[in-house]
Amino acid sequence: MNESEKEEKPLDFIRSTVKQDQEDGKNEGRVHTRFPPEPNGYLHLGHAKSICLNFGIAEEFNGLCNLRLDDTNPVAEKTEYAQAIMDDLRWLGFDWEERLFHASDYFGQLHDWAVQLIQDHKAFVCDLTFEEMRELRGNLIEPGKESPFRDRTVEENLDLFQQMKEGAFDEGSKTLRAKIDMSSPNLNLRDPVLYRILDQEHPRTGSVWKIYPSYDFAHGQSDSIEGITHSLCTLEFEHHRPLYDWFCENLGIHHPQQIEFARLNLNYTVMSKRKMLRLVQEGHVHGWDDPRMPTLSGMRRRGFTAQAIKNFCERVGLAKRENVIEIELLEYCLRDDLNKKAVRRLGVLNPLKITIENYPSGQTEEVDAINNPEDEDAGTRKIPFSREIFIDRNDFMEDPPKKYFRLAPGKEVRLKYAFYITCKEVVKDENSEVSELICTYDPESRGGDSPDGRKVKGTIQWVDARSAVACKVNLYDRLFSNPNPEDGEEGKDFVDCLNPDSLEIVESALVEPSVQDFEVGEPMQLERVGYFCIDSDQPEDGSLVLNRSVAMRDSWAKKAKK
RNA sequence: AGCCUGGUGGUGUAAUGGUAGCACAGAGGUUUUUGGUACCUCUAGUUGGGGUUCGAAUCCCUGCCGGGCUGCCA
């Protein structure tokens, strides 16, 4: 991309702000963002949008982006998740260099700031129970009432807070709260909790802390400590911004700018960690990396490329309005990337045997096949061909409709890269199912052209019977049958919208021999069928399992449906 | 109900007072040894009503609709 093209591309509202700030010399022209996941689950496509935004902006504006694990709640957080987060980020291709941080790195500083607020008469220790606090908070239309403990002396607060820290009190018996405004229309400002007592081992700090800061008390300050300039988050934090600002101002520390954007929603799926956790725990899917999951690990296993995901994140755009992206855009991005990258192979999902009666039995030859018509550098390969082959059942019809270009009694088709064949006879089994086709071939048509120049409209894929490799294939479809499982009809749970056919297993497909040489996850296109890769979970007997990443576009199927 | 926030083709996103554009989806076509890809054409939009203005998606007023907010989650 040259400079003028860069100029012309319109900036989203966040980039416009960042650009303006940089030009105005705000933060000395520095741009520093961060990606702050909580290690309580796996990263998903929604996170990818945020990742691309934060790392993308840092790169575009000559800045930096930190990775910060927001580990303020040891109840739900695990190192397993932290590890997976880093694996996924690296796979996507982003590098935080030496800037891996944890909110827990700042527990000491956060504690000192809490003490500072107490000394400034801006925070107090509260003995209210969970229920009492909720009652006094008021509601959407009525102001709250102040806690009876709000006027404790600084000394008393300091002493109590110290004891909280030392573990003198039971979990839930006391909190440290900010003194802001119990009548604020923004409920987050009604004396929010800064610290709660949690009798919980922390994955990083062990048992040294008995109290843990809340999100509101940790996030902005963590940003501040790291010198973040633009703190980008999703819309649901909009109501927290006044609090974010309040802490930075009242503590007198560097004040990053929080900017909110709309999170990503995709139809036919769910995009919340909580819901995904349920899918995993209740066994609706086979784990966080189930290829039907919108997690990055699931998508990777399914055969998505990092590039396809990044392209998608760029195309979905960025704004403040709620959005639901159509899953077709995701599929488009995958096909678009794979079309350029994936080498082509031949395979049949549903084999139908063909005997070529005029081909000498016992003879085998090799035909040349192009590895990728979109990439000359991918070269060619040889595929074995002989008297007995298999084609896909979909490519034969005994009684074909008009404009059906594939094989039918008396019709001629081209076997890709090989010969023209003509169907002479249909053999049926005892159930009158088609069990085999007897065909003839045209020896002159080797390579797929005949010297007489006759037109053969249909070209189909095939495999040689003797050398083909059997494999199992997982065909994945959308996880939900409802476009918006997140808010189905009333009383309807999102798991009721699960698509019962989201996984179709083909037990005995046949592929050309070289497919065995692929590595796990390496993309291939089975011509005319779709994009596939070898599953990461391979059976111990050495047999092959393929995952379908996405089917080819199929305009014939669309037409035939009408 | 109160507060906050948002409304541009089916979906998403541009245009910030001057020709409503792009992508995906949909329809049709050309090319093709993948009914793929590529290419071409078409369909389709400013939430309603007032106002300001030579001129409004854009500014003002008002209605309507969507989303968020009453965790010691993040």
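On a predicted model such as this, the values are computed, not experimentally measured, just so you know.
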Any protein N or O atoms within reach of nucleotides 64-68 of chain B? Criterion: under 3.5 Å, listing atom names and distances.
residue	atom	partner	partner atom	Å
G67(B)	O2'	Glu322(A)	OE2	2.9
G68(B)	O2'	His239(A)	NE2	3.4
G68(B)	N3	His239(A)	NE2	3.3

| message | Check for me whether the distance between the ring centres of Phe237(A) and Tyr244(A) falls short of 6.0 Å. | response | no
| Ring centroid separation for Phe149(A) and Phe124(A), is it under 6.0 angstrom? | no
| note | On RNA chain B, more 5' by nearest nucleotide between Asn339(A) and Arg315(A) is Arg315(A)
| Residue whose closest nucleotide on RNA chain B lies nearer the 5' end, Val193(A) versus Gly448(A) | Gly448(A)
So if I take every side-chain heavy atom of [X] and compare against [options], which nucleotide ends up nearest?
X: Arg344(A); options: U70(B), A74(B), U34(B); value: U34(B)
X: Lys558(A); options: G35(B), A74(B), G26(B); value: G26(B)
X: Ser555(A); options: U34(B), G36(B), G71(B); value: G36(B)
X: Glu328(A); options: G6(B), G71(B), C24(B); value: C24(B)
X: Met133(A); options: C72(B), G36(B), G12(B); value: C72(B)
X: Ile325(A); options: G12(B), A1(B), G26(B); value: G12(B)

Where do N or O atoms of nucleotides 14-22 of chain B meet protein N or O atoms at under 3.5 Å, pair by pair?
residue	atom	partner	partner atom	Å
A14(B)	OP1	Leu318(A)	O	3.3

| said: Just the rounded figure in Å: distance from C1' of U13(B) to CG of Asn311(A). | reply: 16 Å
| said: Testing the 3.5 Å rule here: is there a donor-acceptor pair between the side chains of His239(A) and Asn188(A)? | reply: no
| Distance-only donor-acceptor test (3.5 Å): side chain Arg553(A), base G35(B) | no
| message | Base of U34(B), side chain of Gln525(A) - is there a donor-acceptor contact under 3.5 Å? | response | yes
| said: Check Glu314(A) with Lys310(A), please: is the shortest side-chain N to carboxylate O separation under 4.0 Å? | reply: no
